[in-house]
Number of protein chains: 2
Amino acid sequence: MTIHQQPPPRATMREVATAAGVSLKTVSRVVNGEPGVREAVRRKVEAVVEDLGYRHHRGASDLRRGGQRTRAIGVLVQDIANDYSARLLRSLEDATRERGFVLLTASLDEDADRERQLVAEMIARRVDGLVLMAASERQDYLAADVRAGLPVVCVDRVPRGLAVDCVTIDNTGGTRAGTEHLLRHGHRRIAFLGDLPTIPTARERLEGWRQALTAAGLEADPALVRDGLRTVGAARDALLELLRLPDPPTAVFAARNVLTVGCLHALREELPGPQPEVVGFDDVELMDLLEPRTTVVRQDVEAVGRAAAELLERRLAAHGGPVQHVVVPAELVVR
Amino acid sequence: MTIHQQPPPRATMREVATAAGVSLKTVSRVVNGEPGVREAVRRKVEAVVEDLGYRHHRGASDLRRGGQRTRAIGVLVQDIANDYSARLLRSLEDATRERGFVLLTASLDEDADRERQLVAEMIARRVDGLVLMAASERQDYLAADVRAGLPVVCVDRVPRGLAVDCVTIDNTGGTRAGTEHLLRHGHRRIAFLGDLPTIPTARERLEGWRQALTAAGLEADPALVRDGLRTVGAARDALLELLRLPDPPTAVFAARNVLTVGCLHALREELPGPQPEVVGFDDVELMDLLEPRTTVVRQDVEAVGRAAAELLERRLAAHGGPVQHVVVPAELVVR
DNA sequence: TTGAAAGCGGTACCAA
DNA sequence: TTGGTACCGCTTTCAA
């Protein structure tokens with residue numbers, strides 16, 4: 001017979017108080033480092049705390065203090081396993097750690113339902129604020145909570161239907177710069193590989209490509225656009241397909257790190273014509289060591305995280321004030 | 001003059017009850033989807049909930065339910081921005097999401113003090129369990145909490161001074177396999193680049209290198225070992241230095257992803273002699289496209305996450321039972 | 001310096 | 001089907 005011995009429940013303040021022969025309130029004072037306790041009493045209580053393995057219960061404490069301050073921030077990103085999301089998370093962690101914040105994190109996978117569900121979960125847990133890399137088209141479902149004082153900062157994507165602070169990369173400008181780089185190299189037929197067109201960021205990058213071509217007096221040929229690409233394999237296949245066109249591109253702009261990797265894989269295949277030049281959005285480790293050299297538009301993810309943390313803390317300190325939109329410039333890294 | 005208008009506090013169940021003209025308990029029933037409420041009343045309450053923007057307060061609920069179930073898991077990894085940690089996190093997320101768990105995440109940066117501080121923080125927040133990629137040498141400071149029923153699973157590193165479940169990679173075996181691969185290629189002087197020797201994982205990998213050499217009847221020359229390496233640059237410099245030895249290595253085993261990248265950078269430099277063959281622990285994206293082809297020991301991070309989640313849930317369901325140690329095999333990917 | 005009692009936002013038990 | 005009351009673990013107020 002297996003007996004599942006329930007471990008003894010954790011000691012509470014009351015138990016510490018009883019064991020130390022003092023009142024509950026005195027224990028509270030000691031645990032919170034408040035003054036007004038005789039040194040001898042304080043020592044006695046601390047000994048019992050140690051002895052009973054007492055651990056402060058933040059939930060109960062927060063509840064009683066009432067002030068809606070859990071010192072937790074909810075962070076919803078696309079995919080924690082993706083380098084971009086992971087680095088953003090890390091930079092948020094660094095920017096908030098010293099003030100004692102803890103991060104509740106989750107991945108959305110471009111799923112709007114998951115976003116709403118997780119946002120609700122975070123709110124139920126009374127996070128002090130929310131950093132959101134939205135998967136949904138519109139975030140108006142958050143309006144009531146924002147009105148109720150929940151600080152929200154959208155990152156990477158501009159909020160729609162909701163007036164909150166946000167931090168984005170200059171997607172259009174970055175893509176334009178990358179495309180112009182290819183134009184300067186004499187390319188006239190430049191393909192574009194993009195993510196789901198439902199993602200604002202993806203649309204902005206497509207727009208940058210279009211702007212660069214138009215400004216150069218070229219037609220933005222729709223036949224050279226492949227979007228809705230989400231994986232390395234899809235990008236690879238798309239590029240190979242483009243190269244088999246009657247009038248194939250001589251260069252390609254890959255609008256996301258995963259897609260750039262896909263292009264580089266495609267270049268290893270038997271190509272029907274000359275090797276196209278690749279420029280990608282997002283730098284990827286080791287790419288600087290690869291032949292052919294691939295120029296990239298690099299985003300300063302750490303700056304995005306820092307800015308988001310700053311905006312959040314400002315709202316945390318004082319609700320109100322106009323909504324802010326920080327645009328972090330993208331840098332062209334020519335290789 | 002700036003007025004910081006405090007937003008109205010969130011509506012409570014009591015307020016919903018008053019507004020709906022029912023008792024507090026009835027609202028609780030509706031919110032929790034409990035039976036025993038007339039359809040008309042339920043609808044009325046739901047309307048008021050919507051109207052007042054009521055949001056359930058999990059903290060208060062958990063407190064009253066008492067059962068120590070916050071449905072939150074604390075995950076402490078080395079560095080969220082590192083690919084390995086990020087993928088582990090993601091696989092833990094996937095494995096626990098369906099059961100409604102939320103992840104509290106933080107990076108330790110090999111800092112034992114930070115580990116203790118963050119563990120305390122997690123416990124104060126009453127996480128249901130802890131996944132720990134330890135930075136500390138010994139985890140005995142957790143003994144009281146484990147005895148009190150806190151499920152802890154150590155990942156990547158075997159716990160010391162604490163009897164808890166753990167999931168590790170076969171570091172020694174993986175490194176041995178990688179080193180044997182180099183021996184088969186005829187190499188006799190094989191260098192080893194490793195992380196801080198205080199990290200058990202790093203020591204195990206060094207041991208694998210040693211075992212392979214000894215088994216081949218060779219001396220494990222300490223002059224060919226460089227450890228304490230933490231960055232790409234440090235690994236690069238270390239390899240270049242080794243290659244300038246009077247009797248330089250003809251091959252090198254890099255014991256971590258960052259160090260392998262460093263080696264690949266070194267190969268781009270002006271080398272004093274022939275190019276050494278590199279084998280690395282951890283696969284890195286794009287490495288398969290690089291020349292020279294680099295063989296790697298690949299770890300199944302997702303399997304580690306799944307196993308950790310499984311062990312955790314087992315403890316969550318029923319405390320007790322013998323401590324388990326899952327070893328995930330490492331795979332040699334020959335290129 | 002110390003403690004008793006009330007209450008934070010909910011849930012459980014039992015009575016109506 | 002509904003509601004009153006006690007209470008989860010802690011902090012606050014105020015009195016001793």
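Since the structure is predicted, the reported quantities are computational estimates derived from the model, not experimental observations.
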Before giving the answer on salt bridge (Lys or Arg N to Asp or Glu O under 4.0 Å), spell out for Arg116(A) and Asp113(A) the whole-Å C-alpha distance, their side-chain angles and the decisive distance to 0.1 Å. CA-CA 5 Å; Arg116(A) 297 191 58 148; Asp113(A) 290 340; over 6 Å; no
Would Glu302(A) and Arg306(A) count as a salt bridge (Lys or Arg N to Asp or Glu O under 4.0 Å) here? Give the steps. CA-CA 6 Å; Glu302(A) 285 66 31; Arg306(A) 277 196 307 271; over 6 Å; no
Would Val301(B) and Val328(B) satisfy side chain to side chain contact (heavy atoms under 4.5 Å, CB included), going step by step from the backbone distance to the final call? CA-CA 9 Å; Val301(B) 192; Val328(B) 175; over 6 Å; no
Full working for salt bridge (Lys or Arg N to Asp or Glu O under 4.0 Å) between Glu121(B) and Arg125(B): CA-CA 6 Å; Glu121(B) 176 82 48; Arg125(B) 290 176 187 272; 2.9 Å; yes
One pair to check against salt bridge (Lys or Arg N to Asp or Glu O under 4.0 Å): Arg55(A) and Asp145(B). What are the steps and the verdict? CA-CA 9 Å; Arg55(A) 295 285 201 162; Asp145(B) 294 287; 2.4 Å; yes
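For DNA chain C, the span of nucleotides reached by chain A at under 4.0 Å from its heavy atoms goes, 5' to 3', from dT1(C) to dG9(C).
Applying the salt bridge (Lys or Arg N to Asp or Glu O under 4.0 Å) criterion to Lys25(A), with sequence neighbours excluded, gives Glu34(A).
Leu92(B) places none of its side-chain heavy atoms less than 4.5 Å from the side chain of Ile73(B). You'll find the side chain of Arg99(B) reaches within 4.5 Å of the side chain of Glu313(B), heavy atoms only. Taking the side chain as every heavy atom from C-beta outward, Val30(B) and Val37(B) approach each other to under 4.5 Å.
Ion pairing between a basic and an acidic side chain is recognised when a charged N comes within 4.0 Å of a carboxylate O; Arg114(B) and Glu93(A) show such pairing. Checked for salt-bridge contact, Arg90(B) and Asp79(A) meet the test: a charged N lies under 4.0 Å from a carboxylate O.
The side chain to side chain donor-acceptor pair (under 3.5 Å) analysis of residues 155-166 of chain A, with sequence neighbours excluded, yields the pairs Tyr84(A)-Asp156(A), Glu110(A)-Arg157(A), Asp165(A)-Arg315(A).
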Using the 3.5 Å cut-off, write out each protein N or O paired with an N or O of nucleotides 7-9 of chain D and the distance between them.
from	atom 1	to	atom 2	distance (Å)
dC7(D)	O2	Arg64(B)	NH1	2.7
dC8(D)	O2	Arg64(B)	N	3.1
dG9(D)	N2	Ala60(A)	O	3.4

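In the region residues 21-34 of chain B, proximity to DNA chain D at under 4.0 angstrom, judged on heavy atoms, holds for Val22(B), Ser23(B), Lys25(B), Thr26(B), Arg29(B). Residues from residues 42-49 of chain B lying near DNA chain D, meaning a heavy-atom separation below 4.0 Å, are absent.
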